[in-house]
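I have placed the structure first, in the form of structure tokens, so that the comments after it can refer back to it.
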Amino acid sequence: MIKLDGLEVSNRLRESLKGQIATWEADNKRPPGLSVILVGEDPASQVYVAHKEKACGQVGIKSEVIKMSAVSTFTEVEARIDKLNNDPNIDGILVQLPLPKHLNERKVLELIDPKKDPDGLTIENIGLFYGGTHRVKSCTPNGVMEILKHYNIEVEGKKAVVIGRSQIVGLPMFNLLQQANATVTLCHSRTANLREHTLGADIVVAAAGIPEFLGKDDFKKDSVVIDVGIHRKEIDGKNKLVGDVRYAELDGWVKAATPVPKGVGPMTITMLLQNTFELAQAKTSIN
Ligand code: NAD
């Protein structure tokens with residue numbers, strides 16, 4: 001079984017981005033800028049934001065984390081985002097989700113100037129993405145496509161199954177695979193006989209968010225398995241990460257699979273860096 005090493009692909013892409021960003025910075029007399037707004041103190045969000053900040057530093061994107069209190073009002077968040085929308089040194093604005101319950105996520109996301117939306121979560125960018133003329137592509141699904149590309153895994157004409165229909169993974173994954181000319185089936189929590197679908201698939205992308213629920217018996221021989229799931233699990237007294245798939249079972253059966261960790265995870269952040277840089281480039285090419 002080929003291990004689809006997302007960390008390796010991610011490192012290569014970051015190295016290439018670093019070079020491109022250095023050239024861009026020399027031409028534009030400033031680095032690309034990303035602002036991350038973190039409302040509240042959700043521990044998982046704090047970890048994700050720290051990873052994003054570190055990754056920005058690696059490739060030469062100037063990042064700042066704006067920490068706001070958990071009781072911030074919509075008007076206060078609006079004022080911060082407005083300021084960033086009007087700051088010429090900021091190319092990307094990211095609101096870390098989930099937000100505290102009293103803030104309406106959709107309303108907050110719509111405050112972001114779509115031209116500064118590297119996650120592609122504003123309605124305008126969602127529309128462009130599904131219309132086929134994307135401004136940015138959804139980070140996690142695009143990371144999956146980059147892994148497939150790197151390992152020369154053919155998508156056109158293949159049968160693909162996506163498990164999960166969330167706005168950030170399943171649905172955009174479906175969209176990118178069909179744009180790449182796969183025949184795609186979207187499965188979800190109400191799908192009857194999930195295994196019937198996965199056993200017929202050449203490529204399965206698992207994003208159900210259920211720890212280790214798929215194994216060898218769910219996949220066709222020589223198929224390709226992409227595991228998007230990330231779950232913390234205590235193994236031998238240590239906190240480990242596992243996916244939706246029991247990776248160890250697949251060896252000798254499937255053709256290729258992504259591990260967890262070091263599979264899709266690192267690619268998501270790399271795609272965020274790439275999107276931020278693309279937005280910076282788009283801005284300067286218009287000016
Ligand atoms: P979500 O909870 O929003 O969506 C889960 C989807 O799975 C739903 O659409 C649901 O219909 C479907 N589902 C649930 N049970 C199912 C079942 N038994 N059979 C078939 N489908 C079922 O989750 P999400 O935000 O899409 O994330 C999915 C997983 O991916 C989570 O583990 C999350 O942590 C992980 N994730 C990883 C990355 C990354 O960078 N690797 C990024 C985002 C999310």
Side-chain angles (χ1 to χ4, degrees), residues 3-11 13-14 36 42-52 54-55 94-99 105-106 109 118-121 126 136-148 160-177 184-201 204-215 217-219 225-233 239-247 257-275:
K3 174 175 149 192
L4 302 175
D5 188 337
L7 184 61
E8 155 84 11
V9 182
S10 169
N11 286 339
L13 289 173
R14 285 187 198 186
V36 181
D42 177 63
S45 292
Q46 286 178 333
V47 172
Y48 289 137
V49 165
H51 283 161
K52 287 170 187 172
K54 189 173 162 213
L94 191 155
V95 175
Q96 186 64 39
L97 302 176
L99 287 168
E105 267 180 19
R106 173 49 49 207
L109 289 171
D119 267 342
L121 290 175
I126 291 172
V136 290
K137 293 180 185 171
S138 296
C139 294
T140 302
N142 196 27
V144 171
M145 297 307 287
E146 286 290 340
I147 292 176
L148 295 173
V161 162
V162 176
I163 308 173
R165 56 177 165 181
S166 71
Q167 296 288 344
I168 59 159
V169 188
L171 281 177
M173 189 74 251
F174 174 91
N175 191 40
L176 287 183
L177 285 167
V184 196
T185 303
L186 187 74
C187 296
H188 47 75
S189 55
R190 308 288 173 89
T191 297
N193 292 324
L194 178 67
R195 184 174 283 174
E196 209 172 85
H197 296 281
T198 57
L199 281 177
V204 176
V205 180
I210 306 172
E212 299 180 306
F213 92 119
L214 298 166
D217 293 349
D218 295 296
F219 304 110
V225 177
I226 304 288
D227 190 354
V228 178
I230 302 182
H231 315 277
R232 282 179 204 288
K233 187 181 176 188
N239 227 338
K240 295 264 167 74
L241 291 181
V242 297
D244 281 8
V245 177
R246 300 186 297 278
Y247 181 78
T258 56
V260 176
K262 301 181 182 171
V264 176
M267 291 299 291
T268 296
I269 295 186
T270 300
M271 294 300 102
L272 171 72
L273 304 173
Q274 185 172 294
N275 285 353

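Just so it is clear, the model here is predicted, and its values are computed rather than measured. Every number for a ligand or one of its atoms is a count from 1 in the order of the listing.
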Among protein heavy atoms, which sits nearest to atom 9 (O) of ligand 1, and what does the distance come to when rounded to 0.1 Å?
R165 N, 2.8 Å
Does S189 reach ligand 1 with a nitrogen or oxygen that is under 3.5 Å from one of the ligand's nitrogen or oxygen atoms?
yes
Is K240 atom NZ crowded by more than 12 heavy atoms from other residues, nucleotides or ligands, each under 6.0 Å away?
yes
Heavy atoms of L177 and L148 approach each other most closely as CD2-CD1, 4.4 Å
Option nearest atom 4 (O) of ligand 1 (shortest heavy-atom distance, choices S166, A206, G229)
S166
State, to 0.1 Å, how close C187 and V161 come at their nearest heavy-atom pair, and which atoms those are.
SG-CG1, 3.8 Å
R232: what forms a salt bridge (charged side-chain N to carboxylate O under 4.0 Å, His left out) with it, not counting sequence neighbours?
none
Donor-acceptor contact below 3.5 Å, side chain D5 vs main chain L7
yes
By number and element, which atoms of ligand 1 are closer than 4.0 Å to a non-hydrogen atom of I163?
20 (C), 21 (N)
H188 NE2: over 12 foreign heavy atoms closer than 6.0 Å
yes
Between C139 and D119, is any pair of side-chain heavy atoms under 4.5 Å apart?
yes
Under 4.0 Å from ligand 1, counting heavy atoms only, is it the side chain of T191, its backbone, both or neither?
neither
Taking only heavy atoms of G265 into account, list the atoms of ligand 1 that are under 4.0 Å away from them.
40 (O), 41 (N)
Which is it for M267 and ligand 1 at heavy atoms under 4.0 Å: side chain, backbone, both or neither?
neither
Using heavy atoms and a threshold below 4.0 Å, how should the contact between T140 and ligand 1 be classified: side chain, backbone, both, or neither?
side chain
Testing the basics here: between D227 and D244, what is the closest heavy-atom pair and its distance to 0.1 Å?
OD1-N, 2.9 Å
Looking only at protein heavy atoms, what sits closest to atom 35 (C) of ligand 1 is V228 O, 3.5 Å
Looking only at non-hydrogen atoms, which of D227, I168, I210, V260 approaches atom 18 (N) of ligand 1 most closely?
I210
So is A207 close enough to ligand 1, meaning a heavy atom under 4.0 angstrom away?
yes
Are the side chains of N142 and L176 in touch, meaning some heavy atoms are under 4.5 Å apart?
yes
Nearest protein heavy atom under 4.0 Å from atom 2 (O) of ligand 1, yes or no
no
Heavy-atom distance to atom 20 (C) of ligand 1: which of Q167, H188, H197, M173 wins?
H188
Mind checking whether I230 has an N or O less than 3.5 Å away from an N or O of ligand 1?
yes
Proximal atoms of ligand 1 relative to T268 (non-hydrogen, under 4.0 Å):
39 (C), 40 (O)
Numbered in order shown, the ligand 1 atoms found under 4.0 Å of a heavy atom of G164 are 6 (C), 7 (O), 9 (O), 12 (C)
Hey, are the side chains of V228 and V205 touching, using non-hydrogen atoms and a 4.5 Å cut-off?
yes
Evaluating non-hydrogen atoms only, which member of A208, G209, G243 is closest to atom 5 (C) of ligand 1?
A208
shortest atom 27 (O) of ligand 1-to-protein heavy-atom contact is with V169 CG2, 4.3 Å
Taking NZ, NE, NH1 and NH2 as the nitrogens, is one of them in K233 or E212 under 4.0 Å from a carboxylate oxygen of the other?
yes
